[in-house]
Amino acid sequence: MSGEVSRTYEPASIEAKAYEVWLEERCFAADPAAPGEPYCIVIPPPNVTGALHLGHAINNTLQDILIRMHRMRGFNTLWIPGIDHAGIATQAVVEKQLKEKENKTRHDIGREALVERIWQWKQQFGDRILEQLKRLGCSCDWDRARFTLDEQCARAVRETFFKLFKDGLIYRGKRLVNWDVHLQTSISDDEIYHETVKTSLWHVKYPIVDTDKFMTVATTRPETMLGDTAVAVHSEDSRWNWAIGKFAELPLTGRKIPIIADDILVDPKFGSGVVKVTPAHDPNDYAVWQRQQGKIEIINILNPDGTINQNGGKYAGMKRDAARKKVVEDLTALGLLAKEEPYETPVGHSDRSKTPVEPYLSDQWFVKMAALAEPALQVVRDGIIKFFPERHAQQYLSWLGEKRDWPISRQLWWGHRIPVWIFLWKGPYADAPSDSQHVLMDLPYLTPEQNRQIAVQVIRPGIHEIYVGISVRPGYPDIERLLEEAGGQRDPDVLDTWFSSALWPHSTLGWPDDTPDLRKWYPTSVLVTAREIITLWVARMVMTGLYNMKKVPFHHVYIHTVIQDGHGEPMKKSKGNGVDPVDVIDTHGADALRFTLTHMATETQDVRLPVKKDAQGRNTSDKFDIGRNFSNKIWQVANFFVIQNLANPGAPGPEPVDETKWSLADRWIVSRFNRTVGEADAALALYRFDQYAKACYDFVWDDFCAWHVEASKPTLKDPARAGQIANVLAAVLDGALRLMHPIIPFITETIWWRLNEVRPRRGLPGKIECPFSKRLILAKWPSINASAIDEKSELEFSRVRETSSAIRNLRNQYNIEPKAQIEFRLLPAANTSAESIAFIQSFTGSVLTPIQQPVETPSGSSTMITPCGQLFFHPFVDASVEGNRIAKRKDELNRQIQTLRGRLGNEAYISKAPAHLVQQTKDQLAGAEAELAKLG
RNA sequence: GGGCGAUUAACUCAGCGGCUAGAGUGCCACCCUUACAAGGUGGAAGUCAGGGGUUCGAAUCCCUUAUCGCCCACCA
């Protein structure tokens, strides 16, 4: 039997096999009709752009723990896997490839061809991600794997967009985007890096109309003054507030622009106290324009290629650098340039083209947040959704509380294309509805039935042209075709990736259809994610969940630790410091990886993981040794101690459990096991995965291997008791495997099969129940049996441990050969049983002869006080060693006595501290004094 | 600049008002003892970031400084 099992733990040989069995037997497959309370997690879909790193590994390990634990508890469990299409990042990667390999831009090959290529790319890399999750051991229902750009998600997106559009919650507005003039595309904030640029600060004089005075503004971008629409001062700045309401004459253009007060924009202590306002080309100034509510104009002076447009008058057509130079020249000629000084300022650059980005005014679609955010705030305030740890709710509440409208359009080709067809308004202007208003109107070329499937909204990008946007309910391609034939043009933009991931918890379950899955598993149970996307993702899922489903998408949000590299930088795809979990699985095993990450999943602190490359070029870390060593420990004790002893030719057959034949160590380990189950349950209920891992580790390594196994060895040789010990060993191993399976599924499952062969029926009724299950993944989670808790045995065995350690310490100090037996006389303390003494002898390789009275300790002999009694010994005593030992101990005791006396001498302590603490201090003092006295 | 968190042994982290502050790794000594050298036994190692305060009692609570991480805002 043991010949089939490798002597050392070799993860590669067992992981694939166990996973194959789970898949073959469809252990992960969920059935909404199956019994059990629903328990559901939807995976935070990883971006398709890259391979998973250790941050994903911890995220998914923790989800798998929850899923496996609930599956064992009898819940009807579903874990839905999936991948995010990650609009910007993915398109950027494929465009970059296109450029490098074929020297083509996306415009060269066109929209359809580009999207086709991205799909090919997605196929390849999406599969790789799913493969990584499988290696990790994730028990997802793979048949339900989803992609945020798949057919079902597309329907959910279309349906949601249409609903929002019809309800007037989507509107068309202006927004400053980061414009890459080189690539002629907008880019996200994430793709911008700031570089300090040496430039000048120009001080320009603006004449104040109807006076002979000037205001001086400072700017690093003089060419943008062509788009100035106001000059702002602080309302309490006595130098300038007299001018509020007057006008300034904008040099070079002669335009008169208002002098306004804006106390947010202007810091009167900075510079001249006067700020030029260019709403179309500066984010702060744009905010001023919004605050001023139509009192000032907004003028765009740039073409998409970065040249000055017709609004720039005689500068039209010039590139921005040339225009800047010319503007400065002209100002100088007019005598309006007061000063030019050297200046350094950070300038945003596009990560993709490495050129400076331009804030650029463009038409975008927005979701109105006010109505959607309020219920999402309320469910968290009311505790319907709880964050773990609790403090993270604050970030959610404060961000959502701002209720800033959500810009949802992206100038990309990869994504859900915005389902709006835009028409020029043909009716009389007088009848035109006002801006951004949702209107009811029937299109003449649609049937009444078809007209019910569309929603119309007015958008007005210019003064003299009025456009309407028409959105179509999903599933009516014929209407879309009719709209296009009638001259409508579909908006070329796509939706923000987060728009589709916001629907993830219900779209993955089948929404907008009313499916059995949706009815069974929505709301889902818990969301497990990292704190950086609490706003981007979590908040939006809550909003859309409440909007579409009228119910929260999940009840708990667990925010886990961030895995950093050795320098304290979070692992990120963009930083390139991510470590592939498969590397660690290859060097240490999946269970070791999972155990170590779980052990690190603490509540507050992010974890640094110094990584190094091994000889094969794999990124790994010594930190995973803890998991590997633990796995090996389990492998050894299970296969070559417990199972071996149960399967030995001479081993006792199963016999009925008879607790009267149990030893102190048996009662103790059974009690300890039940306590450990309690600790694990408590930890998991609060998502304290680290405490759960530690409870398992301490129980298996310290309690079971280090003490109970040692205690079992002599009795296994006693035919009268071997049968009972075997019962206990089998049950404890069984229970431990159940308890640890969620963290380290592969090794526990593999051992489980062997245990089933050797001892299919096992268990200690009322103490450790072991109902049979062919597969551990489907076995019952251990329950706590209060009757197994045995405080008396726990106390007694802890004294045995302490005494044994003290004797081992003594042996070490005297360098006594491990095999050599040493002899003591023992004056037993009260409650020290003969059984305890026998255990101490066995644990320490010593002989203890009980005595009734203290004996003299003449020179050449000595004494030691232990919890189980006072020891007297002589043969090996060396005066110098013993002198040191005793002196050191006396020092300790004296120090202790001093502290304790000091504490008791403090009247405030006696009167204010709880009585039991005062008593405890007194007992400690008495104990220390007694020991000191005995040492002479 | 605002909010949140962190700073405990050489390293990675627990502990979060009351035992002499713990664990794993690393280090030292002894041991291939019949489950395990990926191991066993024992040991050394910490002014709990600095400074103030509250308390009978502070690593733990409050204030403050410094450094780091995340989110948000970034100055004409």
Side-chain angles (χ1 to χ4, degrees), chain A residues 2 7-9 194 201 217-221 232 265-267 270-278 282-285 345-346 389 391-392 394-395 398-399 402 530-536 561-562 564 566-570 588 592 596 599-600 602-610 621-623 625-645 690-691 694 697-698 701-702 705-706 709-710 713 804-805 808-813 815-819 843-845 892 895-896 899-900 903 906-914 916-918 920-921 924:
Chain A
S2 62
R7 192 72 201 174
T8 51
Y9 162 63
H194 288 269
L201 189 63
V217 301
T219 179
T220 54
R221 307 263 330 255
L265 180 73
V266 183
D267 175 1
F270 187 92
S272 63
V274 183
V275 183
K276 68 197 259 315
V277 181
T278 323
D282 183 281
N284 289 313
D285 296 358
T345 185
R391 69 186 127 88
H392 291 297
Q394 199 178 323
Q395 194 186 333
S398 64
W399 182 82
E402 289 179 27
R531 64 176 182 271
E532 62 183 22
I533 51 177
I534 289 173
T535 53
L536 291 175
T561 288
V562 174
Q564 304 176 329
H567 310 286
E569 301 257 0
H588 287 77
T596 308
H599 194 258
M600 297 192 303
T602 61
E603 199 170 40
T604 51
Q605 185 135 309
D606 294 341
V607 174
R608 284 185 181 208
L609 207 57
S621 167
D622 295 345
K623 294 293 165 198
D625 290 354
I626 182 176
R628 201 245 332 244
N629 295 353
F630 185 49
S631 301
N632 187 56
K633 190 77 177 176
I634 294 166
W635 187 252
Q636 296 296 341
V637 77
N639 284 316
F640 302 105
F641 185 80
V642 178
I643 290 174
Q644 190 100 307
N645 270 302
D690 59 322
Q691 293 177 348
K694 191 168 189 318
Y697 185 95
D698 289 348
W701 202 308
D702 286 348
C705 293
V709 163
E710 290 309 315
K713 283 176 181 172
S804 301
S805 293
R808 286 168 172 174
N809 184 341
L810 195 70
R811 294 187 65 120
N812 257 278
Q813 291 188 49
N815 273 322
I816 292 168
E817 287 289 312
K819 282 173 196 154
F843 291 147
T844 59
E892 274 173 19
R895 256 203 315 271
Q896 211 175 322
T899 317
L900 295 169
R903 201 176 294 167
N906 181 347
E907 265 181 51
Y909 176 70
I910 303 288
S911 60
K912 291 191 180 172
H916 74 274
L917 279 176
V918 177
Q920 184 185 308
T921 310
Q924 283 171 337

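These figures come from a predicted structure and were not determined experimentally. Per chain, numbering begins at 1; letters A, B, ... match sequence-line order.
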Who pairs with A:Ser631 by side-chain hydrogen bond (donor to acceptor under 3.5 Å, both in side chains), at least two apart in sequence or on another chain? none
Is the shortest heavy-atom distance from the side chain of A:Tyr9 to the side chain of A:Ile634 under 4.5 Å? no
What integer number of Å spans the P atoms of B:rG52 and B:rA45? 27 Å
Tell me which nucleotide among B:rC56, B:rU25, B:rC30 gets nearest to the side chain of A:Ala913. B:rC56
Pairwise C1' distance, B:rG15 and B:rU60 [rounded to whole Å]: 9 Å
B:rG42 C1' sits how many Å from A:Leu810 CG, rounded? 11 Å
OP1, OP2 of B:rG43 versus side-chain N and O of A:Asn809: anything below 4.0 Å? yes
P gap between B:rG17 and B:rC75, integer Å: 43 Å
Using OP1 and OP2 only, check whether a side-chain N or O of A:Ser805 sits under 4.0 Å from B:rU41. no
Given that A:Val217 and A:Val562 both sit by RNA chain B, which one's nearest nucleotide is further toward the 5' end? A:Val562
Under a 4.0 Å threshold between the charged nitrogen and the carboxylate oxygen, would A:Lys276 count as salt-bridged to A:Asp282? no
How long is the gap from NE2 on A:His599 to CD1 on A:Ile626, to the nearest 0.5 Å? 4.0 Å
Between A:Val642 and A:Ala218, the residue closer to the 5' end of RNA chain B by nearest nucleotide is A:Val642
Side chain of A:Glu710 (C-beta onward), nearest among B:rG15, B:rG42, B:rC36: B:rC36
Could you check whether the side chain of A:Lys819 and the base of B:rC31 have a donor-acceptor pair of N or O atoms closer than 3.5 Å, going by distance alone? no
A:Lys912 has an atom NZ; how far is it from atom P of B:rU54, in whole Å? 13 Å
Which helical stems does RNA chain B take part in, if a stem means at least 3 consecutive Watson-Crick or G-U pairs with both distances below 3.5 Å? B:1-7 with B:66-72, B:10-13 with B:22-25, B:27-31 with B:39-43, B:49-53 with B:61-65
P atom, B:rG24 versus B:rG39: distance in rounded Å? 11 Å
Phosphate OP1/OP2 of B:rA35 contacted by A:Trp701 side-chain N/O (<4.0 Å): no
Would you indicate, yes or no, if B:rA35 has its OP1 or OP2 atom less than 4.0 angstrom from a side-chain nitrogen or oxygen of A:Lys713? yes
Checking B:rA38, B:rC13, B:rG18 against the side chain of A:Asn632 (C-beta onward), the nearest is B:rA38
If you measure from the C1' atom in B:rC27 to the same atom in B:rC63, how many Å do you get, rounded? 40 Å
Check this one for me: any side-chain N or O of A:Arg608 less than 4.0 Å away from OP1 or OP2 of B:rC11? no
Ion pair check, A:Lys694 and A:Asp690, cut-off under 4.0 Å: no
Among the nucleotides B:rA38, B:rA76, B:rA35, whichever has the atom closest to the side chain of A:Val637 is B:rA35
Among B:rA14, B:rA38, B:rG5, the one nearest A:Thr602 by side-chain distance: B:rA14
Counting only side-chain nitrogens and oxygens, does A:Lys633 get under 4.0 Å of the OP1 or OP2 atom of B:rG40? yes
Heavy atoms from C-beta onward define the side chain here; which of B:rC31, B:rA35, B:rC13 lies closest to that of A:Pro818? B:rC31
Among B:rU41, B:rG69, B:rG18, which is the nearest nucleotide to the side chain of A:Pro914? B:rG18
